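No hydrogens, no waters, no symmetry mates; every other heavy atom, side chains included, goes into these values. No experiment lies behind these values; they were computed from the predicted model shown.
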Amino acid sequence: MIARRPRRFISFTRRDAARLFIAAAVLIGGMTAILSFDIFPTAFRAVQGAISDRDVLAPRSLTYVSTIATEQARDQARGQVPPQYDYTTQKGDDAAQRQSAAFDAAMNPVDAAFAAVLTDDARRLALAQALPTLSAGATATLQALSPVEWNALRTEMARVLETAQRQEVRDSDVAQAQSALRADISDRFSSDQQALAAEIISPMLVANSTFDAVLTAQAKTDAAARVDPVRFSVIKGQIVVKQGEVIDDLLFERLNQLDLLDPHPDVAKLGGWFLLSVLVVGSLLGWVWRFRPEFWHRSNALVLLGLVLLLTTLALRVTADRSVLPYFVPTAAAVLLLAVLLDSSVALVVAALLAIVASAITGLAELGAYVFLAGLAGLVVVRRGERLGHFVQAGLAMAVVNVLVVSTFTLLGDRDITGVIQLWGASLAAAGGSAVAAVGSFAVLGNLFGITTSFQLLELANPSQPLLRRLLLETPGTYHHSLMVGNLAERAAEAIGADPLITRVAAYYHDIGKLGNPHAFIENQTGMDNLHDDLTPEQSAAILAAHVANGIDLAYQYKLPKPLISFIPQHHGTALMSYFYAKAKDEQVAAAGAGPGTAAADEAAQTVDERRFRHAGPKPQSREAAILMLADSVEASVRSLTSHDEPAIRGMVDRIIAERQADGQFDECDLTLRDLDLIREAFVAQLLGMYHRRIEYPQNKIVELESRRAASGGRGA
């Protein structure tokens, strides 16, 4: 935990520029290298028709259009196109009309033979002359017909011929079409009559459709155009060519698509990863500089941020080419660690950036939502990570959110039941892994980067700590004062949303410098004369101020965390030691022989150098340090009151807050007027509880009277 400085506008200095350049160069270079490590494929020397001497694995996932397979599919489509003919309905109608006319002309002699009154022999002779090409059987059938039968058969022949001629009759299929005419003649005619009719009309059926080379070529082109490009997908690590396999055209093309035949870096992808790294790193560093200057100026915090970002990116990149494995990566551990070691705002920003990186690496918006929402859930629940139970609760919250995210995208997508069950398992594993990883590493990382963790603070708050033990034994008054200040400060910090834990622990150690000279401070002078009665005000002020420097030295000696040490000088800030300053002015006025309230007295008082009676500072740099300053002053002042009712306590608290505010002690921290009101009420409530009125038991009164009598008797003796 690092106490935060006020969020005020700061200028961008040369030192900031140098820090930005170094941090950005390292992080952008590292991220780019991690994201683009697969742009250099491994070469595989091969020729078409050769036999592979080893298994060849795909260096990356790829989906590509196969030119060879696509052309093969199109050739197959062209081959399936039948020959195209120039038949149209109009051509069929025209042919039917022509052949109907030809049929009528050919049948006129036959009609005349049946219409005339002739002898049988004369009719047979006329019919033979009308259709001389008929076979003997057909001629006999024709001659055996009556005029009525002929008229019926003639009508049927005209119908069949016209119908057949209107349909497509290809020039290559004329004979087949002619032979099929008999089947179209009605069954009401005898077989001999059907044969006669077919023999008469078959020669009259002519082709009305001719092969068209141009139409055939166009149809083949259209069929090929309708074939979609053939795409092949390769997953990273998949065997592209097996050992002993013949490298045909398709395999050779696949090797070429994967850049395995003539490897060269994918410059475009490298540029894309570089720009993504610039955006992510630039956003992170810019946000830290603007909103968290206390982290920006601490190299350990920047190194921690960079390390978390790079390691998480590496984990996502290594698992990116697996379908389910990215969901097992405990990315939320990074968010939990930053929330506990730095603060929740930084953790939230990093969670958002990691979600962007995850989406870019895998191409899945689902994974980006998965990373961000799980991190946000853990961030909300883990709080400051002061208890192991907080991490357990964070793990449960992240598990629930993970399961909901994958379920949501499954319902919106392909609804693969097997896949969602696998993702549920990955969600639970990632949430549990994140919680375990955060618990197991945050203390180590805190020590490594010099960041005070909540567990360290809880350990430092233990009364068995050597320094607190010394404070209890050697300066019991200061020890009790520190405990009371801790209670006040913790309650006030909770009231304004500051860090109550570090505020309380800082209160325990803020006065450890008094161990160097315990009896110089009134709370440790029980039954003793006040040594300041024999010292000049300047000497007393120097002794008082020295406890700050002594405290810092002692804190370093006992290896207290630096954030905790920073509270020691800040709890007094540059405040005036008003008692000794007033005493010095009174002595100066007395030495000048001036009367009180006169101009000479004022002139003599002004000769006292106020700077000699101020603490060295710095002023409080955080809300927590400001709270400690107020709690320290309030506890000591209220203790000196003869009455501890609410008006007296509230009046003292108001006076101290007003004095510190007027003295400008809060100028360098982000304490607001509302914060001061909340602190005031917290102090009053806590002090009223500490100094509540107790029942005066009779036996206690008797003991008190006897003690006084014994004490007075002893003095008389």
Side-chain angles (χ1 to χ4, degrees), residues 32-84 172 211-274 314 316-326 360-364 414 416 418-419 422:
T32 304
I34 291 171
L35 295 172
S36 60
F37 68 83
D38 65 341
I39 66 168
F40 299 97
T42 305
F44 174 68
R45 303 301 176 188
V47 294
Q48 290 168 286
I51 298 176
S52 176
D53 59 352
R54 60 185 173 90
D55 289 343
V56 180
L57 305 181
R60 66 180 184 276
S61 295
L62 175 68
T63 298
Y64 67 95
V65 175
S66 173
T67 303
I68 295 175
T70 301
E71 191 57 35
Q72 289 175 348
R74 288 173 178 171
D75 285 342
Q76 184 178 4
R78 293 187 192 99
Q80 293 174 349
V81 173
Q84 300 297 301
S172 59
F211 172 74
D212 191 323
V214 175
L215 288 178
T216 302
Q218 184 61 46
K220 290 180 180 291
T221 301
D222 293 342
R226 287 193 295 270
V227 175
D228 292 330
V230 178
R231 299 178 183 273
F232 290 120
S233 294
V234 182
I235 300 175
K236 181 179 179 181
Q238 176 183 338
I239 298 178
V240 179
V241 180
K242 295 181 180 179
Q243 183 177 3
E245 189 174 5
V246 177
I247 301 174
D248 58 15
D249 293 343
L250 287 174
L251 288 178
F252 191 84
E253 180 188 45
R254 181 169 297 183
L255 292 170
N256 189 49
Q257 288 288 339
L258 290 168
D259 294 326
L260 291 171
L261 298 175
D262 183 20
H264 58 275
D266 189 342
V267 178
K269 181 178 286 188
L270 176 63
W273 289 133
F274 173 76
L314 177 61
L316 290 169
R317 188 67 187 86
V318 169
T319 59
D321 296 319
R322 306 295 190 270
S323 59
V324 179
L325 201 55
I361 290 175
T362 61
L364 298 173
D414 55 9
D416 180 10
T418 302
Q422 292 176 342

Taking only residues two or more places apart in sequence or in another chain, which ones pass side chain to side chain donor-acceptor pair (under 3.5 Å) with [X]?
X      : value
Ser172 : Tyr85
Gln76  : none
Arg231 : none
Glu253 : Ser66

List the atom of [X], the atom of [Y], and the distance in Å for their closest heavy-atom pair.
X      : Y      : result
Ala360 : Trp273 : O-CH2, 3.6 Å
Tyr64  : Arg254 : OH-NE, 3.0 Å
Ser233 : Thr63  : OG-OG1, 3.0 Å
Ala58  : Leu258 : CB-CD1, 4.2 Å
Ile34  : Leu314 : CG2-CA, 3.6 Å
Ser52  : Arg54  : OG-O, 2.5 Å

* Asked: Would Val214 and Gln218 count as a side chain to side chain contact (heavy atoms under 4.5 Å, CB included) if you check the C-alpha gap in whole Å, the side-chain angles of each, and the deciding distance to 0.1 Å?
  -> CA-CA 6 Å; Val214 175; Gln218 184 61 46; 5.7 Å; no
Applying side chain to side chain contact (heavy atoms under 4.5 Å, CB included), name anything that partners [X], two or more places apart in sequence or on another chain.
X      : result
Ala50  : Val47
Ala77  : Ala223, Val227
Gln422 : Val324, Thr418

Which atom pairs, one a donor and one an acceptor, fall under 3.5 Å between side chains of residues 244-252 and the rest of the protein, sequence neighbours left out?
| unit_1 | atom_1 | unit_2 | atom_2 | d |
| --- | --- | --- | --- | --- |
| Glu245 | OE1 | Lys242 | N | 3.0 |
| Asp248 | OD1 | Leu250 | N | 3.3 |
| Asp248 | OD1 | Leu251 | N | 2.8 |
| Asp249 | OD1 | Gln48 | NE2 | 2.7 |

* Should Val56 and Ile239 be marked as a side chain to side chain contact (heavy atoms under 4.5 Å, CB included) after you check the CA-CA gap, both sets of side-chain angles, and the distance that decides it? -> CA-CA 6 Å; Val56 180; Ile239 298 178; over 6 Å; no
* Structure fact -> Applied to residues 69-82, the salt bridge (Lys or Arg N to Asp or Glu O under 4.0 Å) test, sequence neighbours excluded, yields Glu71-Arg78, Asp75-Arg78
[X] [atom1] to [Y] [atom2] distance, which is reported to the nearest 0.5 Å:
X      : Y      : atom1 : atom2 : result
Arg317 : Ile361 : CZ    : CD1   : 6.0 Å
Leu325 : Thr362 : CG    : OG1   : 12.0 Å
Thr32  : Leu270 : OG1   : CG    : 7.0 Å
Arg226 : Thr221 : CZ    : OG1   : 10.5 Å

